[in-house]
There are 2 protein chains.
Amino acid sequence: MKTKPAASKRNPAATREKLVMAAVQLILRQGFVATSVDQICREAGVTKGGFFHHFENKEAIGLAAAQGWFDYVTSVYTQSMEGADPDPLEQLHAFFDTLDAFTRDSDRLCACVVGMLSQEMALVHPGFQSAAAAHFTAWTEGLEKLLVAAKEKHPPVIDFDPERVAWFVNSLWQGSIVVAKSTQSGPMFRANMRMAREWIDSFFGIPPPQQCALTAPAS
Amino acid sequence: MKTKPAASKRNPAATREKLVMAAVQLILRQGFVATSVDQICREAGVTKGGFFHHFENKEAIGLAAAQGWFDYVTSVYTQSMEGADPDPLEQLHAFFDTLDAFTRDSDRLCACVVGMLSQEMALVHPGFQSAAAAHFTAWTEGLEKLLVAAKEKHPPVIDFDPERVAWFVNSLWQGSIVVAKSTQSGPMFRANMRMAREWIDSFFGIPPPQQCALTAPAS
DNA sequence: GTTTTCATACCAACCAGTTGGTATTAACAT
DNA sequence: ATGTTAATACCAACTGGTTGGTATGAAAAC
């Protein structure tokens, strides 16, 4: 029991997290550049002095928001997979199912903090560029490991490079976000993911279901 | 000879275009929100008064930049295809080849004005949302027509919905931009496009080349 | 009593947009 | 050709408000 002063007047860790969570929400909605420090403070119920006590500058909370979002998304995926079948191919399917469910939840925006920061900042600011690259790489490595394990357990009928396919899937994911944002088409997002899933299945000789994503009506 | 005062002191059409081109370049590099009107004016060699004579507000030049970029990209693709083989499947290949060549040209950034505006503005500003959606839709319809024509000429061995595949390809394109921006990986971008190309080829029973994108070393 | 955590008040730089004006041009009359 | 007029194209200077960031101080925690 070393933690929790709980209901004390000050709680620096909680204040910091409130700021990060506010930043994440604002960045998801309107992007990083359009989000002002004042706005983050207002949303979090913290004054500017408090903000700059916890974060050296605006860049710092941007990076913290990216990290927070990465941790959140990663935990959602790992949770959805660790409960499921130990078969790596089934875990891969669980991953796609989670992505699918994500877009059906209207509370959660079809957006990604890491993608946003990559798009807005990568070409202008090396710190954001390498941070976004690191997050993308970590996500890709997670997918890659699943694909490697799936290859070991299920001999593929078509050979493929797991790393390359993992980058493909993550690129498709990010791009579907970008396109769905303006077309406001959740069904298109989900169809994209289902096509990718059935594409990967085909490597293992798994035939598409009768309701194939390539031809079936939208859902 | 109705046109061209040429070297006169005033040239409203040229001034407007200078502003749009400056906006496009700045948006590609640093995004729309981070680009100030002053910056656009400086880059174009036009004063603020001149700017607001041609554009009602900042939104107006954002939309004009999106339109200008759309026209530019579309013309690059149509040019690359109208010179090529009339076979729609070959034209589709020419499309992928153009995309590939695009990323090898270091002068041209790996970025898209429409994707940028969709990412930054779609959730906050209806005008940008519908403009980006219109451009994405137009690009997708172009691809869809090629796929429909290819299906008519070459009976596919796997049936597919051309519209859905077109959205898939364009989403992958946008996402590859987002990811490549931070990972700075042109080869990954090109591998993604080659995998999509061979995926589509497989619908028509065309086997992957010996240097298959799924396994071959990067280029 | 020192350090941490936060609040208040403030700053220079920059933001989109406006002002009031001038120079250029096209249309037309002479 | 030339003078007149009206509209267009452009400019320098400015406005109110916002930006990221700071200086100072006070209350809480150790």
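Chain A is the first sequence line, chain B the second, and so forth, proteins listed ahead of strands; every chain is numbered from 1.
- Distance A:K58 NZ to D:dG21 C1': 12 Å, rounded to the nearest Å.
- If you check D:dG21, D:dT19, D:dT8 against the side chain of B:H53, the one that comes closest is D:dT8.
- The CG-P distance, from B:N57 to C:dT18, rounds to 9 Å in whole Å.
- One interatomic measurement links the two molecules: CD of A:Q39 to C1' of C:dC15, which rounds to 15 Å at whole-angstrom precision.
- At least one side-chain nitrogen or oxygen of B:T15 sits closer than 4.0 Å to the OP1 or OP2 atom of D:dC10.
- In this structure, CG of B:N11 is placed 15 Å from P of C:dT24, rounded to the nearest angstrom.
- Nearer to the 5' terminus of DNA chain D, by closest-nucleotide assignment, is the contact made by A:T35 (compared with the other of A:G49 and A:T35).
- Note: CZ (B:F52) to P (D:dC11) measures 14 Å, nearest angstrom.
- Neither OP1 nor OP2 of D:dT18 sits under 4.0 Å from any side-chain N or O of A:S36.
- Following rounding to the nearest Å, A:F55 (CZ) and D:dG21 (P) show an atom-to-atom distance of 13 Å.
- Relative orientation of the A:H125 and A:F128 rings is perpendicular, given thresholds of 30° and 60° on the angle between their planes.
- Rounded to whole angstrom, the span from the CZ atom of B:F32 across to the P atom of C:dA16 amounts to 8 Å.
- Side-chain atoms of B:D71 and B:Q67 form a donor-acceptor pair, as typed in the model, at a separation below 3.5 Å.
- Across all non-hydrogen atoms, the minimal contact from B:L92 to B:L147 is CD2-CD2, 3.8 Å.
- Under the 30°/60° scheme for interplanar angles, the aromatic rings of A:Y77 and A:W173 are found to stand perpendicular.
- Neither OP1 nor OP2 of C:dT5 sits under 4.0 Å from any side-chain N or O of A:H54.
- Between A:I40 and A:A23 the shortest heavy-atom distance is CD1-CB, 4.1 Å.
- Looking at B:K48, its side chain comes within 3.5 Å of the base of C:dA16 through a donor and an acceptor atom.
- Contact annotation for A:T47: base contact, defined as any heavy-atom pair under 4.0 Å involving a base atom.
- Here the nucleotide nearest the side chain of A:D38, chosen from C:dC15, D:dG20, D:dA9, is D:dG20.
- The separation between B:R16 atom CZ and D:dC10 atom P is 12 Å, rounded to whole Å.
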